[in-house]
Amino acid sequence: MAKAPRAWQRMLSGRRLDLLDPTPMDIEIEDIAHGLAFVARWNGQTRGDFPYSVAEHSLLVEEIFRRIAPNAPVKWQLAALLHDAPEYVIGDMISPVKAAVGPGYGALDERLAAAVHLRFGLPAVIPATIKRQIKKADKVSAWLEAVQIAGFSDQEASKFFGKPDETLIRHLQIILRPPVETRAAFTARHSELLENLG
């Protein structure tokens with residue numbers, strides 16, 4: 001009988017995270033921040049001396065979410081910050097690759113997201129209205145990234161992601177920085193939100 005393939009990953013914290021059956025007990029913010037700071041968006045096809053990381057993207061999405069929903073409770077700001085948290089172990093796939101992989105990727109992402117949410121005091125499944133607002137912030141972020149660092153024209157980015165409202169992107173400039181700085185910023189923002197959660 002063939003041995004089942006290993007389904008867990010050892011984290012730098014020492015935790016063993018079972019990717020097929022993740023538990024909140026095995027999730028640490030330091031692991032998430034570290035992983036996301038070293039995962040490049042756009043398959044690394046961005047301008048600059050550093051990759052544009054999922055951690056940096058997550059900070060931007062959370063900021064845009066606050067512009068979309070300025071009165072949103074802190075827990076939903078936290079949900080926005082953590083919206084791509086599963087990518088700290090499964091990586092970031094561009095949309096065409098996700099479509100080619102099929103529904104298995106989405107199921108894995110959902111299981112990991114639920115465990116992350118529970119670990120930090122959020123409901124396993126985020127309410128649909130909040131999820132839509134976070135998705136809107138995600139698309140605005142993608143548009144900004146596309147035109148500022150990924151080589152898209154405004155017209156091309158608008159075709160794929162929709163043209164964002166000017167008030168949502170005013171004064172937002174993507175600045176690439178070393179992963180260690182992004183990791184620290186992500187961890188600091190997470191701590192700030194947890195302190196105000198209540």
Side-chain angles (χ1 to χ4, degrees), residues 9 11-13 27-69 77-101 105-106 108-109 112-113 116 133-193:
Q9 179 178 349
M11 299 296 157
L12 288 177
S13 64
I27 291 168
E28 300 293 345
I29 195 60
E30 292 79 12
D31 293 330
I32 293 173
H34 182 83
L36 295 184
F38 283 88
V39 173
R41 277 179 59 81
W42 302 94
N43 278 347
Q45 297 300 306
T46 51
R47 298 186 188 105
D49 295 330
F50 300 103
Y52 183 70
S53 72
V54 175
E56 198 76 71
H57 162 78
S58 298
L59 288 162
L60 180 58
V61 167
E62 193 257 330
E63 183 174 352
I64 295 167
F65 172 76
R66 282 185 279 120
R67 292 182 178 200
I68 290 169
Q77 295 171 39
L78 180 60
L81 181 70
L82 296 171
H83 79 285
D84 275 341
E87 294 180 8
Y88 86 108
V89 286
I90 60 176
D92 179 52
M93 287 190 201
I94 59 173
S95 297
V97 175
K98 286 180 187 175
V101 169
Y105 178 89
L108 183 60
D109 183 88
L112 286 162
V116 168
Q133 290 174 320
I134 293 172
K135 187 64 183 171
K136 180 178 179 182
D138 195 28
K139 284 195 163 194
V140 171
S141 176
W143 187 92
L144 276 172
E145 295 161 22
V147 299
Q148 290 188 14
I149 59 171
F152 285 59
S153 67
D154 284 22
Q155 184 179 9
E156 188 180 19
S158 298
K159 176 182 169 187
F160 290 113
F161 309 112
K163 177 75 172 174
D165 186 317
E166 184 59 37
T167 60
L168 295 178
I169 60 173
R170 187 173 294 134
H171 306 305
L172 291 179
Q173 185 67 40
I174 293 173
I175 299 170
L176 302 180
R177 50 187 167 169
V180 65
E181 290 182 21
T182 308
R183 179 181 66 197
F186 185 94
T187 306
R189 183 59 183 153
H190 179 266
S191 296
E192 184 181 1
L193 289 168

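Computed from heavy atoms alone, side chains included, the values below leave out hydrogens, waters and symmetry copies.
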Is there a side-chain contact between [X] and [Y] in this structure, where contact means two heavy atoms from C-beta onward sitting under 4.5 Å apart?
{"X": "Glu62", "Y": "Leu193", "value": "yes"}
{"X": "Thr46", "Y": "Glu145", "value": "no"}
{"X": "Tyr52", "Y": "Ile175", "value": "no"}
{"X": "Glu63", "Y": "Arg189", "value": "no"}
{"X": "Val61", "Y": "His83", "value": "yes"}
{"X": "Met11", "Y": "Glu28", "value": "no"}
{"X": "Asp154", "Y": "Trp143", "value": "yes"}

Can you name the closest pair of heavy atoms from [X] and [Y] and give their distance?
{"X": "Pro86", "Y": "Ala113", "answer": "CG-N, 3.6 Å"}
{"X": "Ile32", "Y": "Ala85", "answer": "CG2-CB, 4.2 Å"}
{"X": "Leu172", "Y": "Leu168", "answer": "CD1-O, 3.3 Å"}
{"X": "Phe38", "Y": "Arg183", "answer": "CE1-NH1, 4.3 Å"}
{"X": "Pro178", "Y": "Phe50", "answer": "CG-CZ, 3.6 Å"}
{"X": "Ala40", "Y": "Pro51", "answer": "CB-CB, 3.8 Å"}

Can you tell me how far [atom2] of [Y] sits from [atom1] of [X], rounded to the nearest 0.5 angstrom?
{"X": "Thr187", "Y": "Glu192", "atom1": "OG1", "atom2": "CD", "value": "12.5 Å"}
{"X": "Phe186", "Y": "Leu82", "atom1": "CZ", "atom2": "CG", "value": "5.5 Å"}
{"X": "Ile174", "Y": "Gln148", "atom1": "CD1", "atom2": "CD", "value": "4.5 Å"}
{"X": "Ile149", "Y": "Leu144", "atom1": "CD1", "atom2": "CG", "value": "9.5 Å"}
{"X": "Glu87", "Y": "Leu36", "atom1": "CD", "atom2": "CG", "value": "7.0 Å"}
{"X": "Leu176", "Y": "Thr182", "atom1": "CG", "atom2": "OG1", "value": "8.5 Å"}

Other residues, nucleotides and ligands only: do more than 12 of their heavy atoms fall within 6.0 Å of CD on Glu166?
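Yes - once you tally the heavy atoms of other residues, nucleotides and ligands closer than 6.0 Å, there are more than 12.
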If you count every heavy atom of other residues, nucleotides or ligands that lies below 6.0 Å from Lys135 atom NZ, does the total exceed 12?
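Check fails, neighbour count at 12 or below.
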Should the pair Phe161 and Phe152 be assigned to parallel (<30°), tilted (30 to 60°) or perpendicular (>60°) ring geometry?
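Tilted: the ring planes of Phe161 and Phe152 meet at 30° to 60°.
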Would you please say whether a donor-acceptor pair under 3.5 Å links the side chains of His57 and Asp138?
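Judged by distance alone, the side chains do pair up.
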Without hydrogens or angle criteria, can the side chains of Ser58 and Asp84 be said to hold a donor-acceptor pair below 3.5 Å?
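Not at all, the side chains of Ser58 and Asp84 share no donor-acceptor pair under 3.5 Å.
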Is there a donor-acceptor pair under 3.5 Å between the side chain of Asp165 and the backbone N or O of Thr167?
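Yes, Asp165 side chain to Thr167 backbone: donor-acceptor pair under 3.5 Å.
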Is the backbone of Ser13 close enough, under 3.5 Å, to the side chain of Asp31 for a donor and an acceptor to pair up by distance?
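Looks like yes, one N/O pair under 3.5 Å.
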